[in-house]
Each structure stands twice: as C-alpha cells, then as structure tokens.
Amino acid sequence: MKVGIIGCGAIANIITGSITSENNGIEIAYFFDKDIERAENLASLAGGVAALDFDEMLNNVDLVLECASPDSVKEYAPIVLKKGIDMIIMSIGAFMDTEFYNTVLNVAKQNNAKIHLPSGAVVGLDGIKAVAKFGLKEINLVTRKSPRSLGKDIDTEEILFEGKASEAVKQFPLNINVAATISMACNKDIDVKIIVDPKVDRNVHEITARGDFGEFKTTTMNFPCAANPKTSMLAALSAIRLLKSFNETISVGM
C-alpha cells in the first residue's frame with residue numbers, strides 16, 4: 001500500500017519514522033506540504049517524493065494521511081475522496097462542522113472511498129462506541145494542559161473553556177481534537193472543560209461516561225511531542241497502529 005501524507009510536521013515525522021523502519025507492506029511514498037522545504041526534508045529522510053503538485057500525489061497513492069490542520073481537511077479531503085482514495089484524518093475537529101461533515105460523507109459514499117479516524121490522544125473509544133446507542137446518558141471530557149502547550153504564561157490553574165465540543169474545536173482548533181473524536185464516537189456534542197494547569201507537564205484527558213450499562217472513567221496522561229507541545233505522542237502512535245492494522249489478518253477490538 002502506497003501512502004501520501006498531507007502536512008509534514010511533528011506527527012508526520014513520527015509516523016514516517018516508525019512505518020519506514022519496518023517491513024510491513026506500507027510505503028509512505030509522497031509528501032505534500034504548503035511549506036515545500038518541510039516536505040522535501042521528510043521525503044529525503046524516508047526515501048520518498050516531495051509532491052510539488054497535489055494531483056501528482058493522488059495519481060500515485062492508495063491512501064492519503066492528513067496530519068496538517070482542520071483547514072487542510074476542508075481544502076483537500078473532498079478532492080481526495082472524489083478520486084475514490086481512502087483517507088486517514090488526524091484533524092478530526094473539522095468534522096464538527098455539520099455541513100462539511102455531510103458534504104464529505106456524501107462525496108465518500110458516491111466514490112466508494114473510506115474515511116478512517118484514529119483514536120488519537122485518548123483511550124476508551126471502543127467502550128464509548130459500544131454503548132453509544134445503548135443507554136448512554138452522560139459523557140464529558142476534562143482536559144488539563146500545561147501553560148506552555150497553550151501558549152500561556154500563568155502560574156495558577158485557570159479554566160480556559162467550558163461548553164460543548166463543537167465550540168471547543170472552534171476556539172482551539174489545534175489543541176482539542178480529542179473532544180471531536182469522542183463526539184464522533186458517540187454521535188453527541190459532548191460537554192468539555194479545558195483547564196490550563198501549571199502543575200502538569202503532560203496533556204491529561206479524563207473521560208466520564210454514564211448510562212444504563214453502568215459507568216466508566218478513563219484518564220490518559222500523555223507526554224507531548226518534543227517537537228510540538230500542542231500534540232500528544234499518543235496521537236501519532238494511534239495513527240501508526242491504524243495504518244498497520246490494514247495488513248493484519250486478525251483484528252482485536254474495534
């Protein structure tokens with residue numbers, strides 16, 4: 001399987017380094033970024049091609065992995081899917097725009113293309129998906145991040161946001177993809193609280209779900225990427241796991 005990447009930043013570097021170091025039937029062959037130097041640097045490390053033209057990449061890959069931004073999803077996803085090419089999308093917050101979501105869903109269906117959304121920086125999505133239509137009554141996310149990861153210079157804890165996921169991803173499009181991921185998993189606009197906390201050095205996500213099935217809670221304490229403190233290392237690892245799963249005979253979990 002040949003893969004093309006949109007966005008050649010921190011996550012793309014981690015994914016590419018892991019995939020190209022193993023003999024797994026996956027070749028990350030093309031690299032596209034509006035900053036052509038970043039694409040060239042990553043392509044050089046991976047022995048791939050820096051695509052100067054987006055169509056050139058689409059004509060030579062089986063799947064496109066987006067690692068850029070919600071704006072890039074909105075710009076490029078319809079083009080990719082219209083060609084019948086599957087996508088892995090990391091910037092899931094783009095799908096909290098209902099009109100865009102419905103447009104992309106229709107394009108994918110019409111062209112027999114699949115959209116894959118990694119679990120990202122949280123655990124427990126399998127449970128959320130399992131109970132989503134079976135008595136899930138309450139679900140919320142509390143995220144704690146360091147001031148550095150949010151570009152803040154404070155020494156006391158502060159509630160930065162409290163509201164629905166759809167509004168959270170508008171205000172923090174590069175920081176709170178997890179809220180969109182959970183919302184997509186349960187088809188609800190979940191309640192979100194974002195806290196900037198100088199006492200933490202990790203990105204902490206606490207999910208609570210209650211319903212007829214009972215109750216479960218998960219806490220994920222992620223180390224941020226060294227190259228980009230806004231991004232959790234686990235987000236990149238989830239995409240690597242998803243890529244590798246395409247070639248597996250037995251699949252565990254959902």
Side-chain angles (χ1 to χ4, degrees), residues 2-20 26 28-46 48-58 60-83 85-97 100-101 103-104 107-108 113-121 149-151 168-181 184 203 224-240 242-243:
K2 285 195 174 183
V3 179
I5 286 185
I6 301 173
C8 298
I11 287 183
N13 273 267
I14 295 168
I15 294 170
T16 300
S18 176
I19 294 295
T20 56
I26 301 166
I28 302 184
Y30 282 82
F31 299 84
F32 180 82
D33 196 295
K34 290 185 176 179
D35 182 342
I36 187 59
E37 186 174 346
R38 291 209 309 181
E40 289 174 342
N41 289 341
L42 190 50
S44 177
L45 291 173
V49 177
L52 301 178
D53 179 77
F54 193 63
D55 284 335
E56 174 197 353
M57 182 173 81
L58 295 189
N60 290 282
V61 298
D62 306 301
L63 180 142
V64 170
L65 169 60
E66 175 275 324
C67 302
S69 68
D71 286 342
S72 292
V73 175
K74 291 187 174 183
E75 182 175 356
Y76 296 112
I79 301 171
V80 175
L81 298 167
K82 193 171 183 179
K83 281 185 168 285
I85 299 173
D86 294 352
M87 285 194 79
I88 295 176
I89 290 177
M90 302 293 293
S91 304
I92 299 174
F95 288 136
M96 295 304 287
D97 179 334
F100 174 72
Y101 171 80
T103 296
V104 166
V107 171
K114 300 291 186 183
I115 301 169
H116 304 277
L117 308 179
S119 56
S149 71
L150 291 166
V169 298
K170 289 178 184 176
Q171 293 191 33
F172 305 95
L174 302 179
N175 293 92
I176 199 67
N177 264 310
V178 292
T181 304
M184 294 285 291
N203 298 325
C225 290
N228 182 1
K230 295 180 180 180
T231 299
S232 296
M233 185 70 176
L234 183 57
L237 299 181
S238 73
I240 293 167
L242 177 57
L243 272 169

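Heads up: numbering here begins at 1 and tracks the sequence.
- To the nearest 0.5 Å, atoms CZ (Phe95) and NZ (Lys74) are separated by 10.5 Å.
- For the pair Asn203 (side chain) and Pro224 (backbone), a donor-acceptor distance under 3.5 Å is absent.
- Surrounding NZ of Lys82 are at most 12 heavy atoms belonging to other residues, nucleotides or ligands under 6.0 Å away.
- When the side-chain hydrogen bond (donor to acceptor under 3.5 Å, both in side chains) test is applied to Ser72, the partners found at least two apart in sequence or on another chain are Ser69.
- In this structure, CG in Leu58 is found 9.0 Å from CZ in Phe32, a value given to the nearest 0.5 Å.
- Distance SG/Cys8 to CG/Asn41: 9.0 Å, rounded to 0.5 Å.
- For the side-chain contact (heavy atoms from CB on, under 4.5 Å) with Met87, the lone residue among Val73, Leu63, Leu81 that qualifies is Leu81.
- Note: Ile88 CD1 to Ile115 CD1 = 12.0 Å, rounded to the nearest 0.5 Å.
- Of the possible polar contacts, none joining the Asp33 side chain to the Ala39 backbone as a donor-acceptor pair under 3.5 Å is found.
- Here the shortest heavy-atom pairing between Asp62 and Ile85 reads O-CG2, 3.6 Å.
- In this structure, the side chain of Glu66 engages the main chain of Ser91 through a donor-acceptor pair within 3.5 Å.
- For the pair Ala50 and Ala43, the tightest heavy-atom approach, listed with the atom from each and the gap, is N-CB, 3.6 Å.
- Between Val49 and Glu56, the shortest heavy-atom contact is CG1-OE2, 4.1 Å.
- Closest non-hydrogen pair, Ile26 versus Leu243, comes out as CD1-O, 3.2 Å.
- Checking side-chain atoms of Thr16 against main-chain N and O of Asn13 turns up no donor-acceptor pair under 3.5 Å.
- Atom CD1 in Ile92 sits 4.5 Å away from atom CG in Leu117 (nearest 0.5 Å).
- Distance check: Thr231 OG1 to Met90 CE gives 8.5 Å after rounding to the nearest 0.5 Å.
- For Pro118 against Thr181, the heavy-atom pair with the smallest separation is O-CG2, 3.9 Å.
- Considering every non-hydrogen atom in both Ser149 and Asn175, the closest pair reads O-ND2, 3.4 Å.
- Partners of Phe172 under the ring-ring contact (aromatic ring centres under 6.0 Å, His included) rule, at least two apart in sequence or in another chain, do not exist in this structure.
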